[in-house]
Student: 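A single structure is presented below for examination.
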Amino acid sequence: MRMAKILNCILCTIAIFLLSLTWVYYCLRDSTLALWLALVVALAACYIIWRAQSRWEKGKKIKLAKKKQIAALTEYLRFGENNAELFADMLRYYRFEVKKANDDDLVVMKNGITSYVATRFVQDSLSKEEIAKAVIAAKRAKCSKLYVFANKADKSLVDAANARIHTVTVDVANTYALLEQCDKLPALKEIKPSKKPLIIAKYALNRRRFGWYFTSSLFLIALSVISFIPWYMLTWATINFGLALYSLLNRRFNVPPTNVTLD
């Protein structure tokens, strides 16, 4: 992996040097100045590309780990035997006075306002029946506010609940952030989230296409030297090199490799 990173950096630096050299020469018609300027640009680009690759790889790992943890928390809460206990500890951190209602729900108080806390991690999206039950339970407990923690909730359902009681919904990503902030995250087993990028873009802009765009760029640079339309060739060479860089560095269409192979 490190060797591939070094090789990619070297290839990109060479291409930037050639592009810069050709562009500057055609603009200034001074080969010595073009050589030095191209060298400076190439060295600066080499440093930037190396740092960018390192930073993006680190960011990709952090983002992927976070997604795995959120997916794992979803499963943990979906099958949790006593979610109320976990949320009670979290809410105490945020200075709520907690009174347990049952294994899934809580009645809490803060600043003189009594609120009902419902945890509903039973499916992908909060259903109409589930939020209706939470509203009814909150009214029976004589609460003036309802907090619903769920995977996600449609805005129409939240608006319908809001018409009956002040309702705040918290999705699983924000639930994770709240638990992480107060250091109350349970021990989680990582689950790899699925990704569904656009099929055409995934094929055209992934790391495997880097070589095609890069080679095309070099070919067009060489062709511009003998062509009657050098500006046209250089423009397309620059575009191809830009596509090569994007294909190499983008995180959206480069899915991390798995440890399983099907030979």
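Computed from heavy atoms alone, side chains included, the values below leave out hydrogens, waters and symmetry copies. The model shown is predicted, which means the values in this text are computed figures rather than measured ones.
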Student: Is a side-chain N or O of K110 found less than 3.5 angstrom from the main chain of Y94, in a donor-acceptor match?
Tutor: yes
Student: Quick one: pull up OH in Y176 and CD in Q69 and give me the separation to the nearest 0.5 Å.
Tutor: 4.5 Å
Student: How long is the gap from OG on S115 to CD on E97, to the nearest 0.5 Å?
Tutor: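 Those atoms lie 11.5 Å apart.
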Student: Test side-chain contact (heavy atoms from CB on, under 4.5 Å) on V148 and V117; report intermediate values, then the result.
Tutor: CA-CA 6 Å; V148 181; V117 179; over 6 Å; no
Student: Taking it one step at a time, do N174 and D171 satisfy side-chain hydrogen bond (donor to acceptor under 3.5 Å, both in side chains)?
Tutor: CA-CA 6 Å; N174 285 310; D171 64 17; 3.0 Å; yes
Student: Which distance, rounded to the nearest 0.5 Å, do you find between the CG of D89 and the SG of C182?
Tutor: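 SG of C182 is found 8.5 Å from CG of D89.
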Student: What residues form a side chain to side chain donor-acceptor pair (under 3.5 Å) with K133, not counting sequence neighbours?
Tutor: none
Student: How many angstroms lie between CG in L157 and OG1 in T169, if you round to the nearest 0.5 Å?
Tutor: 9.5 Å
Student: Rounded at 0.5 Å granularity, tell me how far CD in E85 sits from CG in L106.
Tutor: 10.5 Å
Student: Any donor-acceptor pair under 3.5 Å linking the side chain of S156 with the backbone of D154?
Tutor: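 Such a contact is absent between S156 side chain and D154 backbone.
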Student: Enter the distance from I165:CD1 to Y116:OH here, rounded to the nearest 0.5 Å.
Tutor: 10.5 Å
Student: Please work out which of the three classes, parallel, tilted or perpendicular, describes the rings of F121 and F87, given edges at 30° and 60°.
Tutor: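 Because their plane-to-plane angle is under 30°, the rings of F87 and F121 count as parallel.
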Student: Show your reasoning for whether side-chain contact (heavy atoms from CB on, under 4.5 Å) applies to D105 and Y147.
Tutor: CA-CA 10 Å; D105 301 340; Y147 291 92; over 6 Å; no
Student: Is there a donor-acceptor pair under 3.5 Å between the side chain of N162 and the backbone N or O of T167?
Tutor: yes
